[in-house]
Amino acid sequence: MKVATYNVNGVNGRLPVLLRWLEEAQPDVVCLQELKAPVERFPLLAIEQAGYGAIWQGQKSWNGVAILARGATPIETRRRLPGDELDLHSRYLEAAVDGILIACLYLPNGNPAPGPKFDYKLEWFERLIAHGQGLLDSDLPVIMAGDYNVMPTDLDVYKPERWLGDALFRPEVREAYRRVVDQGWTDALRSIHPDERIYTFWDYFRNVYGRDAGLRIDHLLLAPAVAKQLASAGVDRHVRGWDKSSDHALTWIVLK
DNA sequence: ATGTCACGTTGAACGTGA
């Protein structure tokens, strides 16, 4: 079983890239973030024609998340991260696929920091920690996949000293990410490749991709029951070089 | 500070978020 996460950065604008990758990689489950489309503009027909069922949560212009499953429709279990009824951003979606609970999340960027957007990011993290604990307590096989907007360590940044004050790398968010992992989650990419420089995002600016000045901010966190089944993990970084690509690449795992 | 995108309000630029 192959499970992937992809910040698509506009599901309609990037649709050819998404469909090309689905055909090439044949994933079983895909978590998408940053649809940047309202509910009614999700390209369900094209995705169904590619052989996938989908559930999604849209929002005009910003955010938006979806879960795709090959030959099946994910069974939705939740479409909000609990803990704040006033949070209207479309950033969380949860569903069962083939006996595994898939949480698709798009954590707030948080810049500029400090400020209200950074506070919102930290609050969102607290809610994720609370909900994540509940998921672990359930003993279900769970994957929390998505754009966490956090580089966990120096190894995940091309030039750490340049990012110290940024909302993606400030000590508070690294600490929050660590608190999630320390609950008992396995960072799939890091567990398979403990010492390797692996990036999942390259900015559009200044030939950043060509210079490999990347960041690792897209993560798949595995509950113990799933971590036991982890066979391989990687990033399809070549997709970032395709025409009209998202600034993120596809990050995936294969389970035994 | 800068740089590059997508999406929206609009009707060719500009604001916003990233």
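Just so it is clear: chains get the letters A, B, ... in the order the sequence lines come, proteins before strands, and each one is counted from 1.
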**Asked** When rounded to the nearest Å, what value does the distance between P atoms of B:dA13 and B:dA1 take?
**Response** 28 Å
**Under 4.0 Å protein heavy-atom contacts per nucleotide of nucleotides 2-8 of chain B, with B for base, S for backbone only and - for none** = BBBSSSS
**Asked** In whole angstroms, how far is the P atom of B:dA18 from the CG atom of A:Asp218?
**Response** 15 Å
**Polar side chain donor-acceptor pair, A:Glu126 to A:His131, under 3.5 angstrom** = no
**Complete:** side-chain hydrogen bond (donor to acceptor under 3.5 Å, both in side chains) with A:His89: of A:Trp124, A:Tyr120, A:Trp62, A:Tyr106, only one passes, and it is A:Tyr120
**Request:** Could you state the atom-to-atom distance from CG of A:Asp147 to P of B:dG17 in whole Å?
**Result:** 17 Å
**Residues from residues 103-117 of chain A lying under 4.0 Å of DNA chain B - heavy atoms** = A:Tyr106, A:Asn109, A:Lys117
**Which atom of A:Leu168 lies closest to which atom of A:Lys121, heavy atoms considered** = CA-NZ, 3.7 Å
**Residue pair A:Trp185 / A:Gly132: nearest heavy atoms and the distance that separates them** = CZ2-O, 3.5 Å
**Request:** Using the P atom as the reference point in each nucleotide, state the distance between B:dC14 and B:dT2 in Å, no decimals.
**Result:** 16 Å
**Message:** For A:Tyr209 and A:Trp202, I'd like to know if the aromatic rings sit close, meaning centre-to-centre distance below 6.0 Å.
**Reply:** yes
**Item:** Which atom of A:Ile55 lies closest to which atom of A:Ala95, heavy atoms considered
**Value:** CD1-CB, 3.6 Å
**Asked** Between B:dG15 and B:dG11, how far is it from one C1' atom to the other, in whole Å?
**Response** 16 Å
**Asked** When you match A:Arg162 and A:Glu34 each to their closest nucleotide on DNA chain B, which lands nearer the 5' end?
**Response** A:Arg162
**Prompt:** Relative to each other, are the rings of A:Tyr148 and A:His219 parallel, tilted or perpendicular (30° and 60° limits)?
**Reply:** tilted
**Message:** Is it the case that atom CG in A:Asp203 sees more than 12 heavy atoms from other parts of the structure closer than 6.0 Å?
**Reply:** yes
